[in-house]
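This one's a predicted model, so the numbers in the text were calculated from it and none came from an experiment. Every chain is numbered from 1 and lettered A, B, ... according to where its sequence line falls, protein lines coming before strand lines.
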Amino acid sequence: MPELPEVETIRAQLEPRVVGRRIERLEVADPLLTAPEDPEAVAQVVRGAVISGVGRRGKYLEIMFRSGDSMAVHLRMTGRLHWRSGPPADGEERYLRALVLLDDGATITFGDARRFGRLWHVASGVDRTSYWNTRVGVEPLSPQFTADRLAGALAGRRVAIKPALLNQRIVAGLGNMYVDEALYAACVHPTRPAGELEGDEIRALHRAIRDRLKVAIRAGGASIDTYRDGLGQAGRMQTLLRVHLHEGEACRRCGATIVKTVVAQRGTYWCPQCQPDPFGMVPEPSRRRPRRIRQGVQG
DNA sequence: ATTTTCCCCTGCCGGC
DNA sequence: TGCCGGCAGGGGAAAA
């Protein structure tokens, strides 16, 4: 599931390869990709556009054009962007939803098994700062993201810290995996009410979020299930996860057994000893066998 | 306003 | 072995 580090990895790989290139054509194979916009309308706008940069805001990618227009992309669950120096081989992208042809012969494929991914056009007149700010909150790796700012965003909230961190308007770019990792690193239980965290917990969490995201970017993202980077390669972060997907294994800090529960409708991994439950509840051990980490079975 | 639930999709896995 | 229900989760809409 592409989260901030995965999207940033793709962004960093795409940018040097596509800046200055002209888009010859955008072929949308699945109308759902641009819904509710008409694929032809998007293709029309994008045709002939010269790429000036590739940006990222949270988990959103933005391919910007000299005209001031841009093409925004969200990979959601299983979306992939893959740059190639030439056309993709036949059947190379099993779940092809769109194909971008560039003037140097290179291509970008948008593949997406689950079809949750979206691609749309952002008009030149739209102010980018406010456009993105209405959708996502502070960038966790920016200087604006401070412990104080995090405390302010969580203050007064009764919702559990896990769904609070999953809320893109509170902090941009965190998903299920990195929230688990950050909460574990900060020794904060996932169901602790967000507004009740102590100052030192907030500081630990702030630090943990930044640290885990930076490590993940350095590792090129985590290839669990379907994620691939912008060149079709697997990341390495899946080997560096400390708690997510580690159900039944010993906690590396205290030796207790990592458990998996459901928090906010999301599978949640945590250490019952390092991340003490606010109500002192003992987790029900799952009887199901832990899911194995599958590293890329999809074509 | 905030929080919770549901839904979209499809591939894969576990259970029978 | 094959079928099938359930699960996975980002984000938006709707409901509470």
Side-chain angles (χ1 to χ4, degrees), chain A residues 1-8 10 29-37 56-62 72-81 93-98 110-120 131-137 140 152-183 190-196 213 216 221-228 238 241 244-248 260-269 286-299:
Chain A
M1 323 304 145
E3 303 181 25
L4 188 153
E6 288 73 31
V7 178
E8 175 57 28
I10 295 169
D30 180 2
L32 192 57
L33 183 66
T34 59
E37 256 185 302
R56 179 193 58 75
R57 194 70 171 77
K59 301 172 196 171
Y60 295 85
L61 263 180
E62 186 179 16
V73 168
H74 200 298
L75 301 172
R76 292 283 183 92
M77 302 292 295
T78 53
R80 295 184 188 179
L81 284 180
E93 180 52 75
R94 190 173 159 194
Y95 304 104
L96 185 71
R97 305 295 173 204
F110 190 132
D112 188 4
R114 294 277 292 280
R115 303 174 70 203
F116 281 153
R118 292 292 181 270
L119 181 156
W120 65 100
Y131 180 84
W132 292 116
N133 283 350
T134 61
R135 284 159 181 78
V136 291
L154 298 178
R157 290 187 183 266
R158 300 145 76 98
V159 71
I161 186 63
K162 170 142 186 179
L165 292 178
L166 288 172
N167 182 342
Q168 299 301 296
R169 288 181 165 83
I170 293 179
V171 181
L174 297 175
N176 200 38
M177 174 169 54
Y178 292 114
V179 167
D180 278 0
E181 291 297 307
L183 289 172
T191 68
R192 288 284 305 283
E196 293 179 12
L213 292 178
S223 284
I224 308 218
D225 293 342
T226 62
Y227 168 74
R228 289 295 180 280
Q238 65 277 10
L241 298 177
H244 191 75
L245 301 180
H246 285 275
E247 180 187 13
K260 179 187 182 186
T261 59
V262 175
V263 177
Q265 286 82 358
R266 300 287 180 258
T268 301
Y269 300 82
S286 170
R287 282 177 296 278
R288 299 185 48 209
R289 274 223 309 284
R291 194 170 74 113
R292 274 191 331 220
I293 302 178
R294 283 171 291 128
Q295 294 185 22
V297 281
Q298 287 193 21

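- Taking atom P in both dG6(C) and dC6(B), one finds a spacing of 15 Å when rounded to whole Å.
- Projected onto DNA chain B by closest heavy-atom contact, R266(A) and R157(A) fall at different nucleotides, the more 5' of which corresponds to R157(A).
- The CZ atom of R76(A) sits 18 Å away from the P atom of dG11(B) (whole-angstrom rounding).
- Contacts of R118(A) with the nucleic acid, taken as non-hydrogen atoms under 4.0 Å apart, are absent.
- In this structure, the CG atom of D112(A) is 14 Å from the C1' atom of dA8(C), given to the nearest Å.
- Residue W120(A) contributes atom CH2, which lies 12 Å from atom C1' of dG10(C) at whole-angstrom precision.
- A salt bridge links D30(A) with R115(A): at least one charged nitrogen is closer than 4.0 Å to a carboxylate oxygen.
- No side-chain heavy atom of R169(A) sits under 4.5 Å from any side-chain heavy atom of V136(A).
- Side-chain N or O atoms of T268(A) include one that pairs as donor or acceptor with a backbone N or O of R266(A) at under 3.5 Å.
- If you check dT1(C) for Watson-Crick or wobble pairing at under 3.5 angstrom, you find it has no partner at all.
- For the pair R115(A) and dT10(B), the criterion of a side-chain N or O lying under 4.0 Å from OP1 or OP2 is met.
- For dC7(C), neither phosphate oxygen OP1 nor OP2 lies less than 4.0 angstrom from any side-chain nitrogen or oxygen of K260(A).
- The separation between L166(A) atom CG and dT4(B) atom P is 13 Å, rounded to whole Å.
- The distance between atom CD1 of I224(A) and atom C1' of dC13(B), rounded to the nearest whole Å, is 17 Å.
- Each of G156(A) and R97(A) lies near DNA chain B, and the nucleotide nearest G156(A) is the one positioned closer to the 5' end.
- Counting only heavy atoms from C-beta outward, the side chains of R57(A) and N133(A) approach each other to under 4.5 Å.
- Atom OH in Y227(A) sits roughly 20 Å away from atom C1' in dG11(B) (whole-Å rounding).
- Summarising the geometry, the separation between CG on N167(A) and C1' on dT3(B) is reported as 10 Å, rounded to the nearest angstrom.
- Counting heavy atoms from C-beta on, the side chains of R228(A) and S223(A) come closer than 4.5 Å.
- In this structure, M77(A) and R169(A) both approach DNA chain C, and ranking their closest nucleotides by distance from the 5' end singles out M77(A).
- Taking the P atoms as reference points, dC4(C) lies 22 Å from dC9(B), given to the whole Å.
- One finds a side-chain N or O of Q265(A) lying less than 4.0 angstrom from the OP1 or OP2 phosphate oxygen of dT5(B).
- Proximity of H74(A) to the phosphate of dG11(C): a side-chain N or O atom is located under 4.0 Å from OP1 or OP2.
- Taking atom OH of residue Y178(A) and atom P of nucleotide dG10(C), one finds them 12 Å apart after rounding to whole Å.
- Note on Y95(A): a side-chain N or O is less than 4.0 Å away from OP1 or OP2 of dG11(B).
- Residue contacts for L32(A): at a heavy-atom cut-off of 4.0 Å it reaches the sugar-phosphate backbone alone, with no base atom in range.
- A salt bridge is absent between D112(A) and R76(A); no separation between the charged side-chain nitrogens and carboxylate oxygens falls under 4.0 Å.
- Counting only heavy atoms from C-beta on, A113(A) has its side chain closest to dG11(B) among dG11(B), dT4(B), dA8(C).
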